Amino acid sequence: MYSLEALFCHVDDFCQAFEAQWHRKLLSHGAIKRKREKSLCLSEIMTILIAFHQNHYRDFKYFYLNQVKQYWNSAFPGLPSYQRFIEWLPSTLIPLCVYLKHCFGRCTGIGFIDSTSLKVCHNRRISRHRVFKDLASRGKTSVDWFFGFKLHLVVNEFGQLLNVALTPGNVDDRQPVHDLLSGLFGKIFADRGYVSQKLATQLLNDFGIEFFAKPRRNMKNNLMRLHDKLLSRKRSIIETINDQLKNISQIEHSRHRSPVNFCVNVLCGLIAYCHQPKKPSLHLDWVLPSYL
């Protein structure tokens, strides 16, 4: 169980420190611009958006009208209409990006990397799709073809997010790896889609990271230390996280009417997972030597 009050306090503490610096660094063109005050502050809007992904609702409109308006009216006394609230969503994009970084876990020297597809429409409707025209692309997973984006994740053995990236569906999994692993250290384990000797050498030279990708079936096996081989078999943790993001946090659906709102939905789903009290994790004391 989670606490709405605890979530709001965490978000509000961040917003108080962030908003003052954010407004000081905003560029202005010199013209007088009317700034209309909202009936909800930024932290209240962000709390409602994140709470949607924690309450197992499938549709945000139903959640807002039947949960927020009926049962949380005392907690948010300035609630606007649903249409007005939706108009405020783009203003939360940058704060949510920074807040997600604030919620990332700590690198422990062990990491797992993988990507998952985010479909934005059914394959039969690709020719009629307009919302993500020139943004989304056709891609292929180990299961089937899809139209949309790829979400790339790096996690540690405690199930905490270390970094994320969003790319079109036709981007090679290995392309964003260098930027994703910047600032990390230790050992990173991946699946067959990341096999590249050039990439492994580059990561070792640039960051000192040992990169292990599961070899393809037509490749010769390389010699590995026993604990590295055991760790590579634990890569299913990130697949469990991808499953929870899609089925619990609802980061994937085909009802988006705006690319910005799509990004807000993905960010809030990732943040909701970061606040999840029990995450998929590994107990590696029996695998790793004491010096690790």
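Note that the coordinates shown come from a computational prediction; the quantities given were computed from them, not determined experimentally.
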- Query: Given Ser258 and Val131, is the side chain to side chain contact (heavy atoms under 4.5 Å, CB included) satisfied, shown in steps?
  - Reply: CA-CA 6 Å; Ser258 163; Val131 177; 5.6 Å; no
- Query: Step by step, would you call His178 with Phe211 a ring-ring contact (aromatic ring centres under 6.0 Å, His included)?
  - Reply: CA-CA 11 Å; His178 192 273; Phe211 190 76; over 10 Å; no
- Dump the intermediate steps for side chain to side chain contact (heavy atoms under 4.5 Å, CB included) on Asn261 and Ile86, then the final yes or no. CA-CA 9 Å; Asn261 290 357; Ile86 293 299; 4.2 Å; yes
- Query: Can you check side chain to side chain contact (heavy atoms under 4.5 Å, CB included) on Val171 and Phe149, steps first, answer last?
  - Reply: CA-CA 9 Å; Val171 172; Phe149 300 90; over 6 Å; no
- Item | Leu162 and Arg106: CA distance, side-chain angles, deciding distance, side chain to side chain contact (heavy atoms under 4.5 Å, CB included) verdict | CA-CA 7 Å; Leu162 301 180; Arg106 176 178 58 88; 5.9 Å; no
- Any chance you could lay out the salt bridge (charged side-chain N to carboxylate O under 4.0 Å, His left out) test for Arg24 and Glu19, step after step, and finish with the verdict? CA-CA 9 Å; Arg24 281 200 303 265; Glu19 279 192 281; over 6 Å; no
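Once rounded to the nearest 0.5 Å, the distance linking OG of Ser43 with CG of Asp13 reads 9.5 Å. In this structure, CG on Leu231 lies 9.0 Å from NZ on Lys234, to the nearest 0.5 angstrom. Put simply, CZ on Phe146 and NZ on Lys119 are 8.5 Å apart, with the number rounded to the nearest 0.5 Å.
The shortest side-chain heavy-atom distance between Arg138 and Trp145 falls under the 4.5 Å cut-off. Side-chain atoms of Cys15 and Leu42, non-hydrogen and from C-beta on, do get closer than 4.5 Å to each other. Side-chain contact check for Ser39 versus Leu79: every heavy-atom pair is 4.5 Å or farther apart. The shortest side-chain heavy-atom distance between Gln54 and Leu7 falls under the 4.5 Å cut-off. Side-chain contact between Leu161 and Tyr273 is present, with heavy atoms from C-beta onward closer than 4.5 Å. Residues Phe63 and Ile48 are in side-chain contact: their nearest non-hydrogen atoms beyond the backbone lie under 4.5 Å apart. By the 4.5 Å heavy-atom criterion applied to side chains, Cys107 and Asn156 are not counted as neighbours. Ser232 places none of its side-chain heavy atoms less than 4.5 Å from the side chain of Phe212.
No chain of hydrophobic side-chain contacts below 4.5 Å, direct or via other Ile, Leu, Val, Met, Phe, Trp or Tyr residues, connects Leu204 to Val177. By the criterion of side-chain heavy atoms lying less than 4.5 angstrom apart, applied directly or through intervening Ile, Leu, Val, Met, Phe, Trp or Tyr residues, Ile113 is not grouped with Leu153; the two fall into different hydrophobic clusters. Hydrophobic clustering (side-chain heavy atoms under 4.5 Å, transitive across Ile, Leu, Val, Met, Phe, Trp, Tyr) keeps Ile248 apart from Leu270. Clustering ILVMFWY residues whenever any of their side-chain heavy atoms sit less than 4.5 angstrom apart, transitively, puts Ile188 in a cluster other than the one holding Val155.
Proximity of a side-chain donor or acceptor of Asn163 to a complementary backbone N or O of Leu180 within less than 3.5 Å is detected. No side-chain donor-acceptor contact under 3.5 Å links Ser249 to the backbone of Ile251.
Using the six-membered ring where Trp is involved, Phe132 and His129 have ring planes that are parallel, under 30° apart on the 30 and 60° scheme.
Between Phe262 and His253, the gap from one ring centroid to the other reaches at least 6.0 Å. Taking the six-membered ring wherever Trp is involved, the centroid distance between the rings of Tyr57 and Phe52 does not fall below 6.0 Å.
Among pairs with a residue in residues 74-95, those fulfilling side-chain hydrogen bond (donor to acceptor under 3.5 Å, both in side chains) read Arg84-Glu87, at least two apart in sequence or across chains. Sorted by first and then second residue, the side-chain hydrogen bond (donor to acceptor under 3.5 Å, both in side chains) pairs involving residues 188-197 (not counting sequence neighbours) are Gln197-Thr201.
Between Arg174 and Asp172 there is a salt bridge, since a side-chain N of the basic residue sits under 4.0 Å from a carboxylate O of the acidic one. Salt bridge absent: Glu157 and Lys187 never bring a charged side-chain N and a carboxylate O closer than 4.0 Å.
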Under 3.5 Å, sequence neighbours excluded: what are the donor-acceptor pairs made by side chains of residues 236-246?
| from | atom 1 | to | atom 2 | distance (Å) |
| --- | --- | --- | --- | --- |
| Glu239 | OE2 | Arg235 | NH2 | 2.6 |
| Thr240 | OG1 | Ser236 | O | 3.1 |
| Asn242 | ND2 | Ile238 | O | 3.3 |
| Asp243 | OD1 | Asn247 | ND2 | 2.7 |
| Gln244 | OE1 | Gln276 | NE2 | 2.9 |
| Lys246 | NZ | Thr116 | OG1 | 2.9 |
| Lys246 | NZ | Ser117 | O | 2.7 |

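Applying side chain to side chain donor-acceptor pair (under 3.5 Å) to Thr167 and the options His152, Gln175, Lys150 leaves one that passes, His152.
Nearest heavy atoms, Phe207 versus Ser182: CZ-CA, 3.8 Å.
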